[in-house]
Amino acid sequence: MSKNYAKETICIQSGWQPKKGEPRILPIYQSTTFKYETSEQMGKLFDLEESGYFYTRLQNPTNDYVAAKICELEGGVAAMLTSSGQAANYYAIFNICEAGDHVIMSSTVYGGTHNLITVTMKKMGIECTVVDPDASLEDLRKTVQPNTKCVFGETIANPALVVLDIEKFATLAHEAGVPLIIDNTFATPINCNPFEWGADIVTHSTTKYMDGHGMTVGGCIVDSGNFDWAAHAEKFPGLCTPDDSYHGVTYTEKFGKGAYITKATVQLMRDLGSIQAPQNAFLLNVGLETLPLRMERHCSNALKVAEFLESHESVAWVNYPGLKSNKYYDLGQKYMPKGSCGVISFGLKSGRVGAGKMMDHLELAAIVTHVADARTCVLHPASHTHRQMTDEQLVEAGVAPDLIRLSVGIENVDDIISDLAQAIEKAD
Ligand SMILES: *Cc1c(COP(=O)(O)O)cnc(C)c1O
């Protein structure tokens, strides 16, 4: 939008802006293809000489309006939707890495991302050094290699709830001449804009708070436009040398600040095809409209629940960055002064066994493989999402065997607390 509106306004008004006589609400462009009048018009699209829609695997207007809204919320220059958060992280990295390259990744990232980068991308010839997010800049510098192409971390790690020192990681990346990619899923652009702290690319699993209602799986990649690819052309030949699959187009020359997202769209989306269904993008857009309201409630509810758990005699430990006793309280205040997220982790004195029993007695909170939506839910990562990991990897990822991940919803907080209270009592 042209004016410098606040995020609440952007969430409602940005993206689709109808002109005279057009639908007030974002239309779902439920069409695989788009019509042209001359064969030359169509030819120019395939040469990237003109921009326009031709096939939904590459681009669809519904998706682009929603991507534009997220782009504005993050303060970026270009964005694209993907079919999932996994696809977003895969594309964000694979757009600038190929066989023989190297990635530096924080150890506490989401289990799915950990697996993607250290197992699946390794099979594609991309190596990774897993680093402690709390390591000193001096120690982190030792992990940089001549073939390093990006640094990757999460604003708030899922489910370890480690708050990343984004500025430290941005310094690490920029000294190495590579971009910092930040997965901002848990904080959302309402609570943190990683670009303001030096991140170059931001990714999201829109499946979480952005959708917010547990309806659609989706992802998004946003480019800040700040990383100067051409200044490090030798590291990024894919962006800075001619692409044979488009008659020798050089993305940085032809698309300037749009180079990174254009390449990810016309190359990766064309070849790998992880497009978000326009129907899902429509639902995501509805979720985005209330994101600021929901984040406020998620954060205030989570803080009250965390305080309740911290004062409970059967609770062994509580991890929530909003608690003053938390190791990451200061970093959280720095990067997310309005609040972090609605996810808490805790352990009971009765340990791993107690965790299972307590969960079985919950009436309001449901056991689901999901976090960060309107409904309060719980998960035991060691027996669910992270079960492929060894005990050693679990500890490295900040996931204790007794850890219960509690995603605090936007119900009345007293109801959430009394549900937990009765379940904890029965598990004792
Ligand atoms: C869920 C999640 C992902 C993966 O997203 P999907 O939409 O499930 O593919 C990536 N990163 C983080 C931080 C997540 O929480």
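Owing to the predicted nature of the structure, the values given are computational and were not obtained by experimental measurement. Counting starts at 1 for both ligands and their atoms, following the listed order.
Atom numbering of ligand 1 starts at 1 in the shown order; those under 4.0 Å from a heavy atom of T207 are 6 (P), 7 (O). Annotation for ligand 1: atoms under 4.0 Å from non-hydrogen atoms of E154 are 13 (C). Taking every heavy atom of Q86 and a limit of under 4.0 angstrom, the matching atoms of ligand 1 come to 4 (C), 5 (O), 6 (P), 9 (O). Interface of G218 with ligand 1, defined as ligand atoms under 4.0 Å from a residue heavy atom, comprises 7 (O). Taking every heavy atom of T185 and a limit of under 4.0 angstrom, the matching atoms of ligand 1 come to 12 (C), 13 (C), 15 (O).
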Take R141 and E175, measure what salt bridge (charged side-chain N to carboxylate O under 4.0 Å, His left out) needs, and give me the verdict at the end. CA-CA 9 Å; R141 280 187 187 117; E175 282 179 4; 2.6 Å; yes

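Between F54 and F46, the ring centre distance stays below 6.0 Å. Side-chain rings of H114 and Y110 stay apart, their centers remaining 6.0 Å or farther from each other.
Taking the six-membered ring where tryptophan is involved, the planes of F186 and Y209 are perpendicular, since the angle between them exceeds 60° and thus also 30°. Ring geometry, W229 versus F236: the interplanar angle exceeds 60°, so the pair is classed perpendicular (tilted spans 30 to 60°).
Judged by a 6.0 Å distance limit and a 45° cone about the ring axis, K304 is not positioned over the six-membered ring of Y320.
In this structure, the protein non-hydrogen atom closest to atom 8 (O) of ligand 1 is S205 OG, 4.1 Å. For atom 15 (O) of ligand 1, the nearest non-hydrogen atom of the protein is K208 NZ, 2.6 Å. With respect to atom 11 (N) of ligand 1, the closest heavy atom belonging to the protein is D183 OD2, 2.6 Å.
At least one donor-acceptor pair closer than 3.5 Å links the side chain of N147 to the backbone N or O of G100.
For ligand 1, the polar-atom distance check finds an N/O of G85 within less than 3.5 Å of one of the ligand's N/O atoms.
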